Amino acid sequence: MSNSRAPANLGKNDPLFGWLPRNVTSEQVLKAMEGDVNPFTKRPHSAQYKKILEARKKLPVFGQMDDFLKIFTKNQIIVVVGETGSGKTTQLTTPSTAVYRVTTRRIPQFVCYSDLPHTKGKMVACTQPRRVAAMSVAKRVADEMDVPFEKQVGYVIRFEDMTEPGTTFMKYMTDGMLLREAMNDHELSRYSTIILDEAHERTLATDILMGLLKGIARRRFDLKIVIMSATLDAQKFQRYFSLEGPEKPVPLFKVPDRTHPVEVLYTQTPEPDYCEAAIRTVSMIHRTEEPGDILLFLTGEEEIEDACRKIKLEADDLLNQDPDSVGPLICIPLYSSLPPQQQQRIFDPAPPPRVPGGPPGRKVIVSTNIAETSLTIDGIVYVVDPGFFKQKVYNPRIRVESQLITPISKASAQQRAGRAGRTRPGKCFRLYTEKDFMTELEEQTHPEILRTNLANTVLELAKLGVKDLVHFDYVDDPAPESLMRALELLNYLAALDDEGNLTALGSIMAEFPLDPQMAKMLISSPEFRCSNEILTIVAMLSVPNVWLRPPNQRKKADAAKAMLTLPGGDHLTLMNVYNSYVNNKHDKNWCWNNYLSGHALMQAENVRSQLLRTMEWYEIDLVTTQDERRLWTNIRKALVCGFFMQVARKEGKKNAYLTVKDNQVGQLHPSCGLDTSPEWIIFNEFVLTTRPYIRTVTEVRPEWLLEYAPNYYDLSTFPNGEMKRALMRALNKRTLKTVAGMGSTASSSRADSTAPPVQDMQALNVSRNSGHSAEQKKKKKKRRSRR
DNA sequence: GAGCACTGC
């Protein structure tokens, strides 16, 4: 075991070195905590720390730390739950002045005092599902341990590595980040203990990490694992992590989470319209309940904005009618696509009384699920819970993801209610009956792995060295159809060979933080001499929508968008927007005047430079063709290399398109910037909203499909129909051209190989397709005449 | 002629 990462100032004679980390007792930890010198920095404890320590000493809660250390030292894997209480109320046990409560937050610190990762050149990792949590918790823990932030205690999230190699031993990180590390270090050998926090959220990354860690634990006896979760899942994890079989569950440590009691009220009868009922309830609280802020949960942007308007109207009416008994009210919307500055408004104080001594004001926050876990707002006393949220569901049969408004789970309902009791006792109004709560709501929200497209995950698993994806030890097995769809896609992309093994190309694809289609397109793009452009397009496709469309300025916003739109296709328009943004020196005012989200564009720039670093690492050239006439054609060919499975052909009239092989009918989305409706298109998304829509589209030529995706467009296996006939016509045209003297090229030989290795892609020849430019000119002329 | 729940790499 190497000590190279241990701080240099730690000598062999250090008393800490003599500790047996696995047998540490609470007395030893207390001694270390109370000593003059901080054992982690070797510097004197700060005055502030000593003051806190004095207060701690008065509290008889150290017994729990002892219990934890006993369990932790004796076992390789344990589950820790924070009991949020159940049933109608939660108990208030100790006053909130308690300085050294044992909470789930403190567990990683106890782990450090016991594990002493810095003495053996290792680290303790603690994962979080969200970036903000990783950052803020790391900061707090550094303070509590009396060590400098971003030194001994640091964090790693995408774009930000706030750790110091050799010094940091307590590392907070997002779950996705640890998964990335595992791709290149399958044993996670840098860590002596790994803590998975918020495991009950069951994010895709946490689920995969759980499977990996269980495997690593069998090989690395020196690795300890702590799973932290809400109560409801505990038994499941205890059984899952048992290396000796589910009848011998791993030990559980319970931490009481202290919050204020929340009174939960149900409606007597079901509410037919939850939005209307929600507004009515907020109004009722405002009229009849004690002062205190309100949090209302709705499902999406439109609902929220609408509710805010109505609540404000009603409250203003009330204020005018009866200024002596009700105070003023502000209503603040909260959802993730709001610019950060507007999100900050939730921390504004409630408005003051209209006249001195009059009834106090009230703040109402109308929010999506974001306020359920990601953002905490102090001062909330009333929660209004209609019982719904929007959930992503994936249909592997037609390969479509959509958002559905669905009832929440009991666990979610409990979490929402808890938001009312953070500062003082509160009330939660559930807009459904108690009977429905008991009988209709599921215990838990379905884990993400059951509801999502697994293409990315399967590629990650392959890169993680998992040989048998179907029999991998999942906490919950994903749907076999989803796995099959993912394997199929990755095979067509040549990331996996016919035996399901990772190819050289697939290995590089996995290194990019992108969907496999986009990674493939980016890696292929130098062959078309347009990697510079594809890089931009990929970055733009990786960030949220850049187009702003404020409800009262839609026409202006649409006009601004039209100015930046290129008729060639939405992908080209995205590139144009990015280039204009850069040419205008990243000016926020320029963004604002053009109804563009400066925030999203900044993100795109960030993503672009991150991807560029990966490209450089793998020596993928950044090039732009000198022949401008061909640039757009080449970009579209590169699109085909990644997205050949997302192609549709025009069918009949009215902009209806039929997707290749999946046979789904969809319309061009109204946001689409094409000025014609071409026969063949390639699309980025097929979305199911009020109708099936095809979004972000660009015209392609059928002969490119045959040429760059010969396996998928193998006409001998293609289902009969108009689509096949159209492709046959294209094939015949191409054969004629080839015979006419362009000479045989790599494409004909490639048609038979299943998974072209990376170097084979060098064989793609760009110079062959000059024949199309004449056709395109004709088309342009046609377009112009129609205007 | 319409939306984008929320994360994460």
Side-chain angles (χ1 to χ4, degrees), chain A residues 127-134 156-161 173-184 198 201-209 297-306 334-338 367-375 388-393 401-406 408 412 445 447-448 451-452 456-457 459-460 463-464 509-516 518-519 542-551 554-555 557-558 561 597 600 603 606-607 610-611 613-614 654-655 666-673 685 687-696:
Chain A
T127 69
Q128 300 287 329
R130 282 168 295 279
R131 291 193 215 174
V132 271
V156 177
I157 59 178
R158 188 182 190 183
F159 306 127
E160 259 181 278
D161 183 347
M173 62 207 302
T174 47
D175 49 11
M177 210 67 212
L178 186 60
L179 197 57
R180 286 264 135 192
E181 279 191 17
M183 293 196 327
N184 290 310
E198 315 281 359
E201 289 197 26
R202 303 292 304 276
T203 64
L204 207 47
T206 296
D207 262 31
I208 300 301
L209 279 172
F297 286 100
L298 289 176
T299 71
E301 174 174 348
E302 205 178 309
E303 255 177 43
I304 287 169
E305 294 291 351
D306 192 50
L334 175 64
Y335 43 88
S336 77
S337 59
L338 272 180
S367 169
T368 60
N369 251 6
I370 193 172
E372 193 179 300
T373 49
S374 308
L375 276 168
F388 291 97
F389 78 124
K390 258 189 209 170
Q391 185 174 223
K392 185 173 73 181
V393 286
E401 276 183 345
S402 45
Q403 309 280 342
L404 276 185
I405 294 176
T406 43
I408 60 171
S412 257
T445 309
E448 197 182 359
R451 301 182 278 114
T452 196
N456 240 327
T457 308
L459 184 60
E460 274 166 8
K463 179 88 181 185
L464 286 160
M509 281 166 66
E511 291 290 331
F512 286 93
L514 293 170
D515 282 342
M518 290 216 255
S542 302
V543 299
N545 191 3
V546 295
W547 309 103
L548 298 179
R549 211 163 174 254
R554 290 192 176 163
K555 279 202 167 155
D558 290 348
K561 185 177 175 186
S597 160
Q603 285 181 59
N606 234 335
V607 172
Q610 189 192 31
L611 296 173
R613 279 198 298 278
T614 309
K654 284 210 274 183
N655 282 353
Q667 307 261 116
L668 288 186
H669 194 271
S671 66
C672 167
E685 283 181 294
V687 289
L688 220 51
T689 52
T690 46
R691 279 193 221 161
Y693 281 111
I694 294 169
R695 200 158 48 189
T696 315

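Chain naming here is simple, since letters A, B, ... match the order of the sequence lines and numbering starts at 1 in each. Bear in mind the structure is a predicted one, so any value in this text is a computation, not a measurement. Excluded from the calculations below are hydrogen atoms, water molecules and symmetry mates; all remaining heavy atoms, backbone and side chain alike, are included.
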Measuring only between side-chain heavy atoms, which start at C-beta, is A:P513 closer than 4.5 Å to A:L611? yes
Whole-Å distance, A:E372 CD to B:dA5 P, equals 16 Å
Nearest-angstrom distance from the residue atom CD of A:E685 to P of B:dA2: 17 Å
Does A:F388 reach the side chain of A:E303, with side-chain heavy atoms less than 4.5 Å apart? no
At under 4.0 Å between heavy atoms, what does A:D558 touch on the DNA or RNA strands: base, sugar-phosphate, or nothing? base
Given atom CZ of A:R695 and atom C1' of B:dG1, what is their separation to the nearest angstrom? 14 Å
When all nucleic acid strands are considered with a 4.0 Å heavy-atom cut-off, which category describes A:Y335: base, sugar-phosphate, or nothing? sugar-phosphate
Among the candidates B:dA5, B:dA2, B:dG8, find the nucleotide nearest to the side-chain atoms of A:S671. B:dA2
Across the strands shown, which category fits A:R549 at heavy-atom distances under 4.0 angstrom: base, sugar-phosphate, nothing? base
Mark yes or no for a side-chain to base donor-acceptor pair under 3.5 Å between A:R691 and B:dG1, with no hydrogen or angle criteria applied. no
By nearest heavy atom, map A:Q391 and A:P513 onto DNA chain B; which one lands nearer the 5' end? A:Q391
May I have the distance from A:I157 (atom CD1) to B:dG8 (atom C1'), rounded to whole angstrom? 11 Å
What contact category does A:T203 fall into here, base, sugar-phosphate, or nothing, at under 4.0 angstrom with non-hydrogen atoms? nothing
Side chain of A:E448 (C-beta onward), nearest among B:dG3, B:dA5, B:dT7: B:dT7
Taking side chain to side chain contact (heavy atoms under 4.5 Å, CB included) as the test, write out the residues that go with A:T174, two or more places apart. A:R131, A:I157, A:M177
Taking atom CD of A:E160 as the centre, does the number of heavy atoms from other residues, nucleotides or ligands within less than 6.0 Å exceed 12? yes
What is the nucleic acid contact for A:E301, judged by heavy atoms within less than 4.0 Å: base, sugar-phosphate only, or nothing? base
Residues at least two apart in sequence or cross-chain that pass salt bridge (Lys or Arg N to Asp or Glu O under 4.0 Å) with A:R130, listed by chain then number, are A:E201
For atom CE of A:M183 and atom C1' of B:dG8, their distance in whole Å: 13 Å
Phosphate OP1/OP2 of B:dC9: any A:T174 side-chain N/O under 4.0 Å: yes
Considering every strand and a 4.0 Å limit on heavy-atom distances, what is the contact class for A:R130: base, sugar-phosphate, or nothing? sugar-phosphate
Provide, to the nearest angstrom, the distance between the CG atom belonging to A:L209 and the C1' atom belonging to B:dG8. 11 Å
In whole angstroms, how far is the P atom of B:dC6 from the CD1 atom of A:I405? 13 Å
Separation of atom CD in A:Q603 from atom P in B:dG8, rounded to whole Å: 10 Å
Closest to the A:Y693 side chain: B:dG1, B:dC9, B:dA5? B:dG1
Name the residue closer to the 5' end of DNA chain B, choosing between A:G300 and A:R180 according to the nucleotide with the nearest heavy atom. A:G300
Would A:Y335 and A:E305 count as a side-chain hydrogen bond (donor to acceptor under 3.5 Å, both in side chains) if you check the C-alpha gap in whole Å, the side-chain angles of each, and the deciding distance to 0.1 Å? CA-CA 10 Å; A:Y335 43 88; A:E305 294 291 351; 2.5 Å; yes
Under 4.0 Å, counting only non-hydrogen atoms across every strand here, what does A:R202 touch: a base, just sugar-phosphate, or nothing? nothing
